[in-house]
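Below, all heavy atoms of this structure are taken into account, side chains as well, without hydrogens, waters or symmetry copies. This structure is a prediction, so every number in the text was calculated from the model and none was measured. Chain naming here is simple, since letters A, B, ... match the order of the sequence lines and numbering starts at 1 in each.
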There are 2 protein chains.
Amino acid sequence: MRLSRYFLPTLKETPSEAQIASHRLMLRAGMIRQSSAGIYSWLPLGFRVLKRIEQIVREEQNAIGCHEILMPTIQPADLWRESKRYDAYGPEMLRITDRHERDMLYGPTNEEQITDIFRTTVRSYRHLPKLLYHIQWKFRDEIRPRFGVMRGREFLMKDAYSFDIDKAGARLSYNKMFVSYLRTFERLGLKAIPMKAESGPIGGDMSHEFLILADTGESEIAYHRDLLNIDLTKRDIDFDGNLQPIVDTFTLKYAATDQERDPVTEKNLGENLVTGRGVEVGHIFYFGTKYSKAMNALVTGPDGDEVMVEMGSYGIGVSRLVGGIIEASHDEAGIIWPESVAPFKVGLINLKSNDADCDTACEGMYDALGKAGVDVLYDDRGERAGVKFTDMDLIGLPWQLIAGPRGLKAGTVEVKCRKTGERQEVSIDSALSMLSQ
Amino acid sequence: MRLSRYFLPTLKETPSEAQIASHRLMLRAGMIRQSSAGIYSWLPLGFRVLKRIEQIVREEQNAIGCHEILMPTIQPADLWRESKRYDAYGPEMLRITDRHERDMLYGPTNEEQITDIFRTTVRSYRHLPKLLYHIQWKFRDEIRPRFGVMRGREFLMKDAYSFDIDKAGARLSYNKMFVSYLRTFERLGLKAIPMKAESGPIGGDMSHEFLILADTGESEIAYHRDLLNIDLTKRDIDFDGNLQPIVDTFTLKYAATDQERDPVTEKNLGENLVTGRGVEVGHIFYFGTKYSKAMNALVTGPDGDEVMVEMGSYGIGVSRLVGGIIEASHDEAGIIWPESVAPFKVGLINLKSNDADCDTACEGMYDALGKAGVDVLYDDRGERAGVKFTDMDLIGLPWQLIAGPRGLKAGTVEVKCRKTGERQEVSIDSALSMLSQ
């Protein structure tokens with residue numbers, strides 16, 4: 001993509017309303033624009049990151065046999081009356097009356113809707129277990145929206161739902177999601193720690209939050225040092241096998257959010273205790289028959305009797321993750337994208353646009369990288385070098401490829417790693433082969 | 001995908017509420033479930049088709065240098081008060097009051113919102129032309145929703161917006177979209193004909209609808225026979241070049257919807273006149289400074305003066321296309337998907353599940369096709385052959401690969417083309433190589 005033709009309205013000044021790093025940087029990097037309080041438009045750069053995260057979440061859900069569907073944003077109030085949540089939910093639910101005076105709502109979550117789909121389509125235990133998910137916009141009418149996409153009103157969420165014939169099956173589904181979430185966050189370049197959680201308005205009796213480590217995170221957390229050193233990406237996991245040992249690796253170690261911390265345990269941990277801050281990016285719940293009972297979601301069991309299905313729900317905040325990743329990965333100059341979610345892999349900087357040598361070299365590298373399937377943002381604008389450096393650091397692409405008249409005379413360009421700041425002067429061919437890997 | 005593990009709740013009986021073919025077939029094929037009047041959940045099979053269509057639309061928008069963004073579903077009423085459309089729009093607009101008593105609405109379209117983004121980010125003619133689009137759910141509170149996803153209330157739409165410094169530039173943008181739309185519909189396996197249209201509530205003075213031919217279409221249409229024979233997919237189009245000759249190829253021939261038909265012209269056309277029915281799937285508008293004037297969207301021109309930008313908007317009904325394609329392509333037995341949007345390319349039918357030979361052969365073919373990157377839905381259920389044939393015809397995958405005990409003894413399987421009904425008995429190797437192409 002040529003920056004001269006792109007739509008990347010970066011800001012020089014920090015918007016005064018932004019209190020935290022991710023909000024500031026997303027506005028400054030031209031990723032989002034506020035539409036109204038807590039509601040944002042995603043501009044091209046932000047949209048690309050959102051889609052990359054969504055795709056990784058999708059792939060990891062598909063990998064455990066979870067089927068993607070798409071439920072609408074607007075739900076009938078009657079479904080929520082069946083579960084008794086319509087009145088219980090409070091003013092965070094955006095209530096709507098349609099032209100025929102029917103009560104509707106903008107879904108903040110989808111337990112009722114998925115239970116309704118299930119009860120009208122699945123009749124027999126032979127079709128269980130069933131895992132279904134969707135990635136859809138939700139609305140929660142926060143009284144004081146803030147922190148940009150971290151606590152917005154309209155937000156993109158992946159929510160999955162499991163249906164099992166009994167508690168043992170539900171535990172298997174829960175474990176699948178538990179391990180799948182850890183892999184998902186690892187692929188996103190994040191260190192996530194699962195922590196025992198309250199179920200809140202979803203209800204139920206087994207629940208974990210997943211928090212990513214970020215100095216600027218909203219919650220204070222404390223955990224066993226060993227939890228930092230588990231890497232699942234290198235393991236070949238059989239999701240149809242017994243996942244309990246992997247789950248235990250995490251749950252048997254101490255990890256607690258602010259409200260759940262235990263001073264005695266922490267004291268005993270001694271040097272193994274780590275404290276810090278975190279951002280919640282996922283939450284999983286087992287809630288048994290809470291909704292199947294209220295909404296009469298029954299299947300025929302092996303012996304012919306009707307059985308209420310055991311359910312769980314599993315959320316990942318997709319739009320929130322964009323902010324969460326920035327909280328976990330930025331510096332004074334701007335964002336530092338993990339390669340898996342970066343909007344472009346390489347930022348190509350032409351230090352002297354309209355200089356024939358520079359233009360020729362840059363066009364050649366832009367073409368070559370494009371042909372190698374590398375996503376490149378080419379700063380071909382007629383701006384000063386300083387402006388280009390500042391913008392490129394701000395938007396945080398993992399690699400910068402810098403070409404100027406002096407280096408080109410000597411046959412070299414510069415490759416800069418955004419994360420480490422390390423710079424190498426290399427030949428064009430070497431640069432292309434490094435960046436095409 | 002193994003059908004035994006998939007979520008494909010097909011229906012034997014035709015739901016009484018479905019009046020048209022696509023609505024009937026989408027319900028029967030387990031593609032959608034109604035949530036409330038005019039609002040649907042997309043089940044896995046329907047979701048896959050929706051995503052394929054969305055991806056083709058996206059690729060063709062990107063190909064003309066249109067940048068993808070994502071605007072929220074909920075908009076502030078104040079933006080629509082600026083354009084004077086808030087009161088003008090009528091009860092089809094879903095009006096919402098948030099917890100702070102602010103007037104909001106669920107966007108039926110996004111002219112105001114994109115104009116607001118533009119006016120706060122683009123200041124100079126040097127950044128024009130600019131083409132921006134998003135693919136987002138919209139809401140129109142139809143008084144009597146019907147025809148399934150063809151006239152739903154919550155629907156997925158691609159809407160693009162162009163910004164140019166003058167009328168000549170706006171015409172270039174309009175032509176780009178015009179030609180891009182024809183290619184998009186061709187890639188979707190559709191014959192679409194552009195027809196001069198009224199601008200309606202969007203406003204403006206140049207507008208075309210794109211209708212696809214379908215015997216069961218909602219509108220009566222008449223057009224010159226030559227329009228059936230133009231194929232743009234084979235042409236290498238330079239979208240930065242002069243597209244007027246291509247546009248003229250279409251617009252200089254007679255083509256009219258019901259309201260616009262002209263008996264005199266039609267009589268003169270004689271044998272070149274074709275009449276039939278069509279489904280509207282796209283609509284493009286040039287409306288000049290209607291919104292930039294109302295909302296003060298100005299840029300600095302080459303001579304330093306402030307200029308109101310010239311705008312256009314360009315819609316494709318993505319969810320509507322799912323129904324439109326079915327209207328254009330089905331028979332008594334079910335849907336016939338064009339290969340480009342089919343949820344799976346091949347339906348593999350095991351005529352005798354639990355027979356060792358059949359299972360071995362089918363598992364082998366399923367693996368081989370998967371490795372070749374072919375999307376296969378494998379009917380491994382313990383159902384009778386008749387049920388499997390009926391379901392496979394109903395869901396309309398382009399190719400069926402059928403393996404039974406008798407054929408396998410002779411070393412053959414059957415390959416059936418869903419569209420022509422043609423069947424071939426071939427060796428397993430031949431079948432695999434035919435279907436891997």
Side-chain angles (χ1 to χ4, degrees), chain A residues 1 4-7 9 30 33 35-37 39-44 46-48 50-51 65 67-76 78-79 91-92 94-100 102 104 106 113-114 116-117 120-122 126-127 130-132 134 136-137 139 141-143 152-154 156, chain B residues 1 4-7 9 30 33 35-37 39-44 46-48 50-51 65 67-76 78-79 91-92 94-100 102 104 106 113-114 116-117 120-122 126-127 130-132 134 136-137 139 141-143 152-154 156:
Chain A
M1 182 62 63
S4 63
R5 297 192 189 170
Y6 203 42
F7 180 46
R33 298 291 291 190
S35 169
S36 57
I39 304 181
Y40 294 87
S41 290
W42 295 76
L43 305 190
F47 180 75
R48 285 177 80 101
L50 189 68
K51 280 283 153 177
H67 300 295
E68 188 165 8
I69 65 172
L70 190 60
M71 291 177 272
T73 60
I74 302 296
Q75 304 179 22
D78 282 346
L79 277 183
E92 282 191 10
L94 189 64
R95 292 153 208 267
I96 301 168
T97 309
D98 75 7
R99 71 190 288 173
H100 296 298
R102 281 174 299 219
M104 314 288 285
Y106 198 125
Q113 196 158 39
I114 195 83
D116 182 51
I117 291 171
T120 58
T121 52
V122 181
R126 283 178 289 111
H127 298 123
K130 203 58 91 196
L131 288 169
L132 301 171
H134 76 158
Q136 177 63 295
W137 292 89
F139 203 97
D141 203 357
E142 298 271 353
I143 191 160
R153 293 199 289 169
E154 187 171 329
L156 186 61
Chain B
M1 182 63 63
S4 63
R5 297 192 189 171
Y6 204 42
F7 181 45
R33 299 291 292 190
S35 169
S36 57
I39 304 181
Y40 294 88
S41 290
W42 294 77
L43 306 190
F47 179 74
R48 285 177 80 101
L50 188 69
K51 280 283 152 178
H67 299 296
E68 188 165 9
I69 66 170
L70 189 59
M71 290 177 272
T73 60
I74 302 296
Q75 304 179 22
D78 282 345
L79 277 183
E92 281 191 10
L94 189 66
R95 291 154 207 267
I96 300 169
T97 309
D98 75 6
R99 69 189 291 173
H100 295 298
R102 280 175 299 221
M104 314 287 286
Y106 198 124
Q113 195 157 40
I114 195 83
D116 181 53
I117 291 171
T120 58
T121 53
V122 181
R126 284 178 287 113
H127 297 124
K130 202 57 92 196
L131 289 169
L132 301 170
H134 76 158
Q136 178 62 295
W137 291 90
F139 204 96
D141 203 358
E142 297 272 352
I143 190 160
R153 295 198 289 169
E154 187 170 330
L156 186 62

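With a 4.5 Å cut-off on non-hydrogen atoms, B:Leu94 touches chain A through its side chain but not through its backbone. For B:Arg153, the part lying under 4.5 angstrom from a heavy atom of chain A is the side chain only. Of the atoms belonging to B:Tyr106, it is side-chain heavy atoms, and not backbone ones, that fall under 4.5 Å from chain A. Proximity to chain A is limited to the side chain of B:Arg102, based on heavy atoms less than 4.5 angstrom apart. Only the side chain of B:Gln136 comes within less than 4.5 Å of a heavy atom in chain A; its backbone stays farther off.
Nearest heavy-atom pair across A:Ser41 and B:Met71 is OG-CG, 3.6 Å. Between B:Lys130 and A:Tyr6 the shortest heavy-atom distance is NZ-O, 2.8 Å. Summarising the geometry of B:Arg99 relative to A:Glu142, their closest heavy-atom pair is NH1-C, 3.8 Å, with the distance given to 0.1 Å.
The side chain to side chain donor-acceptor pair (under 3.5 Å) search around A:Ser35 returns B:Gln113, not counting sequence neighbours. Taking the side chain to side chain donor-acceptor pair (under 3.5 Å) definition, one finds that B:Thr120 meets it with A:Arg33, sequence neighbours left out.
To the nearest 0.5 Å, the span separating CG on B:Leu70 from OH on A:Tyr40 amounts to 15.0 Å. Distance check: A:Ser36 OG to B:Asp98 CG gives 8.0 Å after rounding to the nearest 0.5 Å. The structure places CZ of B:Phe139 at 7.5 Å from CD1 of A:Ile96, a figure rounded to the nearest 0.5 Å. One finds the CZ atom of B:Phe47 at 13.5 Å from the NE2 atom of A:His67 (value rounded to the nearest 0.5 Å).
Looking at A:Trp42 and B:Ile69, their side chains never come closer than 4.5 Å, going by heavy atoms from C-beta outward. Inter-residue side-chain proximity for B:Ile143 and A:His100 is flagged as met; some heavy-atom pair is nearer than 4.5 Å. Here the side chains of B:Ile39 and A:Met104 are in contact, with some heavy-atom distance below 4.5 Å. The side-chain heavy atoms of B:Ile74 and A:Trp137, taken from C-beta on, include no pair separated by under 4.5 Å.
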Inset, instruction - Might you work through the side-chain contact (heavy atoms from CB on, under 4.5 Å) test for B:Ile117 and A:Leu43, ending with a clear yes or no? - result: CA-CA 9 Å; B:Ile117 291 171; A:Leu43 305 190; 4.1 Å; yes

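Put simply, the side chain of A:Glu68 never gets that close to the backbone of B:Pro44: no donor and acceptor are under 3.5 Å apart. Between the side chain of A:His127 and the main chain of B:Phe7, no donor-acceptor pair closer than 3.5 Å is present.
For the set B:Ser4, B:Pro72, B:Pro76, B:Pro91, the count of heavy-atom pairs under 4.5 angstrom toward chain A peaks at B:Pro72.
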